[in-house]
2 protein chains.
Amino acid sequence: MEQIYINTAKMLKAMSDPKRLRIVDMLSCGELCACEILEEFHITQPTLSHDMRVLVEAGIVMDRREGKNIYYKLDKETLDRMYQTLGKVFEDKPDCICHKCRKN
Amino acid sequence: MEQIYINTAKMLKAMSDPKRLRIVDMLSCGELCACEILEEFHITQPTLSHDMRVLVEAGIVMDRREGKNIYYKLDKETLDRMYQTLGKVFEDKPDCICHKCRKN
DNA sequence: ATGATACATAGAAAAATGTCAATATGTTTT
DNA sequence: AAAACATATTGACATTTTTCTATGTATCAT
């Protein structure tokens with residue numbers, strides 16, 4: 001399987017949970033620390049910590065420590081690339097496998 | 001959790017598997033029957049059948065029977081709406097929760 | 001009708017995921 | 001140094017997902 005599908009699928013998977021998708025939405029306009037995010041959900045702190053790690057490892061979110069807090073923000077460049085890639089996946093393409101099939 | 005996140009997350013989840021994402025890519029330029037898709041993967045027929053059902057149930061793909069074959073194609077309208085929604089999730093928004101947090 | 005072809009369903013096993021309570025780590029405050 | 005605070009890690013358990021083999025169903029060809 002080509003790497004592009006693997007990478008993109010990993011990011012999609014990270015956002016394929018309603019609460020993680022909402023977290024991305026919350027982060028889309030700026031940084032938030034874990035405690036601010038936690039307030040919006042009925043989950044325990046370790047659960048959020050795990051969810052944030054999923055987003056960070058997918059490359060969607062970046063984290064930094066400031067004193068006691070960890071601040072999270074979107075990696076807009078990565079997210080943008082992913083969005084563009086996804087657009088291409090949805091688009092018609094002249095070299096698509098289905099055209100090969102149709103020749104038979 | 002708001003329905004928009006639930007619906008969108010469900011579609012993302014359906015595409016969060018590399019092979020299913022590739023199937024969407026293959027379908028982006030036209031219809032294909034199950035056997036044509038199957039040729040491109042090293043999976044059994046029941047596995048593909050299951051994957052296609054995931055895509056259909058997410059609303060991403062439509063199916064129809066023609067003789068012995070089942071043809072699959074993308075539901076472009078649904079996919080387009082999802083893509084637009086995702087774009088809005090990634091965008092900065094004036095009414096974002098993070099602005100509320102920042103006021104405190 | 002029979003057999004062949006294309007796909008779906010059922011059942012099962014292994015792997016991944018989601019979630020929690022308990023505890024550890026790093027940072028600030030006192 | 002001790003306490004308090006914010007977050008991470010560990011270990012456990014339940015649920016979901018992935019994938020297979022075996023079997024069922026629908027359609028076509030003979």
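Just the heavy atoms: all of them, side chains too, but no hydrogens, waters or symmetry mates, feed the values below. Here is the naming used below: chain letters follow the sequence lines, and residue numbers restart at 1 for every chain.
In this structure, Arg20(A) contributes its side chain and Met15(A) its backbone to no donor-acceptor pair below 3.5 Å.
The listed nucleotides are dA26(D), dT21(D), dA6(D); the one nearest the side chain of Pro46(B) is dT21(D). Here the nucleotide nearest the side chain of Ala34(A), chosen from dT27(D), dT9(D), dT7(D), is dT7(D).
Going from atom CD of Glu31(A) over to atom C1' of dA6(D) covers 16 Å, rounded to whole Å. Rounded to whole angstrom, the span from the CD1 atom of Ile70(A) across to the P atom of dC5(D) amounts to 18 Å. For the pair Met15(B) CE and dT17(D) P, the computed distance is 16 Å after rounding to whole Å. Rounded to whole angstrom, the span from the CD1 atom of Ile23(B) across to the P atom of dT18(D) amounts to 12 Å. Separating the OH atom of Tyr71(B) from the P atom of dT27(D) is a distance of 15 Å, rounded to the nearest angstrom. Computed from coordinates, the Glu36(A) CD to dC5(D) C1' distance equals 15 Å when rounded to whole Å. In this structure, CG of Leu48(B) is placed 13 Å from P of dT18(D), rounded to the nearest angstrom. Regarding Asp51(A), its CG atom lies at a distance of 14 Å from the P atom of dT9(D), rounded to whole Å.
Mapping Lys68(B) and Met52(B) onto DNA chain C by nearest heavy atom places Lys68(B) at the nucleotide closer to the 5' end. Along DNA chain D, the nucleotide closest to His50(A) and the one closest to Lys13(A) are compared, and the more 5′ of them pairs with His50(A). Position along DNA chain C of the nearest nucleotide to Glu66(A) versus Tyr72(B) favours Tyr72(B) as the more 5'-ward residue.
In this structure, Thr85(B) and Ile4(B) have side chains that are in contact, with non-hydrogen atoms separated by less than 4.5 Å.
Ion pair Glu66(B)/Arg64(B) flagged as a salt bridge, since at least one NZ, NE, NH1 or NH2 atom sits closer than 4.0 Å to an Asp/Glu carboxylate oxygen. The pair Glu40(A)-Arg22(A) meets the salt-bridge criterion, since a charged nitrogen lies less than 4.0 angstrom from a carboxylate oxygen. A salt bridge links Asp25(B) with Lys93(A): the distance from a Lys NZ or Arg NE/NH1/NH2 to an Asp or Glu carboxylate oxygen falls below 4.0 Å.
Of the side-chain N and O atoms in Ser49(A), one or more sit less than 4.0 angstrom from OP1 or OP2 of dA8(D). A close approach under 4.0 Å does occur between a side-chain nitrogen or oxygen of Arg53(A) and OP1 or OP2 of dT9(D). Dashed line: the shortest gap from a side-chain N or O of Lys19(B) to OP1 or OP2 of dT19(D) is under 4.0 Å.
Side chain Gln45(A) to base dA6(D): no donor-acceptor pair is found below 3.5 Å.
Along DNA chain C, the stretch of nucleotides lying under 4.0 Å from any heavy atom of chain A spans, 5' to 3', dT17(C) to dT28(C).
Looking at Tyr5(A) and Asp17(B), their side chains never bring a donor and an acceptor atom within 3.5 Å of each other.
Under the side chain to side chain contact (heavy atoms under 4.5 Å, CB included) test applied with Ile37(B), the options Leu27(B), Asp51(B), Ile43(B) reduce to a single match, Leu27(B).
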